[in-house]
Amino acid sequence: MSDPTTPPRPTPPAHPAGAIPAPPAFEARGLGRSPRGPRPADLASRAEALDAADDLAKLRARFTLPDGVVYLDGNSLGALPATVPDTTADVVRRQWGDLLIRSWDESNWWTAPERIGDKLAPLIGAAPGQVVVGDSTSVNLFKALVGAARLAEAAAPGRTKLLVDAATFPTDGYIAASAARMTGLTVTPVDPAHAADAMGPDTAVVLLNHVDYRSGRLHDLPALTAAAHAAGAIVVWDLCHSAGALPVGLDAHAVDLAVGCTYKYLNGGPGAPAYLYIADRHQAAFDSPLPGWNGHADPFAMTPDYVPTPGVARGRVGTPDILSMLALEAALDAWDGVSVEAVRAKSLALTDFFLECVAAYVPPGTVESVTPTLHAHRGSQISLRTDNAREVMAELISRGVIGDFRAPDVLRFGFTPLYVGFADAERAARTLGHIFG
Ligand SMILES: *Cc1c(COP(=O)(O)O)cnc(C)c1O
């Protein structure tokens, strides 16, 4: 893997004007075989015992996964829930093919965005009536940020700053820069760990990620939300890497607005619609920058003037993408009777065990974890920094262990407790050890 002919890594694209500078340095921790560490046979039998004692292990049967594959990329594209193919076939053949346009009422297509929002809401700690499903995360972020700037201006006019997580996933930074230009705000990049210090009387809106997509760092949503409110700002949380992996508690922590995608830990399928959370107390004043006819109080009156519907449905824009949306609705059945707290406990146990296996199998000095060791700071993934990460990941995938590569040097392993077990974690680390020889 240290072939000197390896092509150079591509240079990351330059940030557009006003966008976000380089992420803060990762916290890194070296891993590697120690002479007194556990032997492989011990780890394999421990994995077996941990799987046997795992109450969530049976949930794997709710998914269709190929044999022989260890799937550690459910934080990029969740696995296929077993109910989705038949439901989707029914939606296409019967609801669309036979019922045709009657399905908007008879198959309850029209109300799907709010209905599925309510189905998803308990997973993010939201009471009914505050989540609407539709569009992409990028588009919902745009609605949320411009809506937040308008709420902030109405509550406390003249504030000038939009604070944005400096290490954010690119689309969030790009959308924030555009939303700021449109609303007259200035983007200020902040390290989320110190974001509270940057909040002040000039802060209008704060946009933060609950879990950093690259490092897997979990940020303190309750404390940062409270700090934003103490400064008089509106806070928007991006839940892409936390919803479905750990408790979020939007209502409990009085979050203002949130967005997230459903094709990662929520297994909605490629390009599944995202969601927008608008806390009850903000709904009446939420002024969407995309006031499409679906968010109108009386859409079929076809009037020339826009009158927003009273509830969260004012976050809707145009005709919903019904095929994807109803696939998501079926996918969410995989959560029936599942507690997010139990998922969190298993996720931490899995990531701890994976780190232990990596330390036992991989030669010292070859990889270092950039994911925080502290549970309070860890999401549901482990990111390992190594030389030639792109080639190492390609090799892992060819050996049946699917994770992903994030430029410039990160191997990313997502742990999705509904369908990943301890034996998977052990095999992934063992395979990584073999690659390093
Ligand atoms: C996955 C992800 C997105 C995806 O945005 P799309 O509009 O669905 O492409 C956005 N933000 C974050 C933080 C993500 O992790």
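Remember, it's 1-based here, ligands and their atoms both numbered in the order they're listed.
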Which protein residues have a heavy atom under 4.0 Å from ligand 1?
S136, T137, S138, F169, T171, D172, N209, D238, C240, H241, Y263, K264
For R281, is the CZ atom crowded, meaning more than 12 foreign heavy atoms sit under 6.0 Å from it?
yes
Under 3.5 Å, sequence neighbours excluded: what are the donor-acceptor pairs made by side chains of residues 317-326?
none

Which residues pass the ring-ring contact (aromatic ring centres under 6.0 Å, His included) test with W109, sequence neighbours left out?
W104
Which residues satisfy the ring-ring contact (aromatic ring centres under 6.0 Å, His included) test with W96, sequence neighbours excluded?
none
Stacked cation flag K119 on Y275, 6.0 angstrom / 45 deg
no
Would you say the ring centers of F300 and W293 fall short of 6.0 Å from each other?
yes
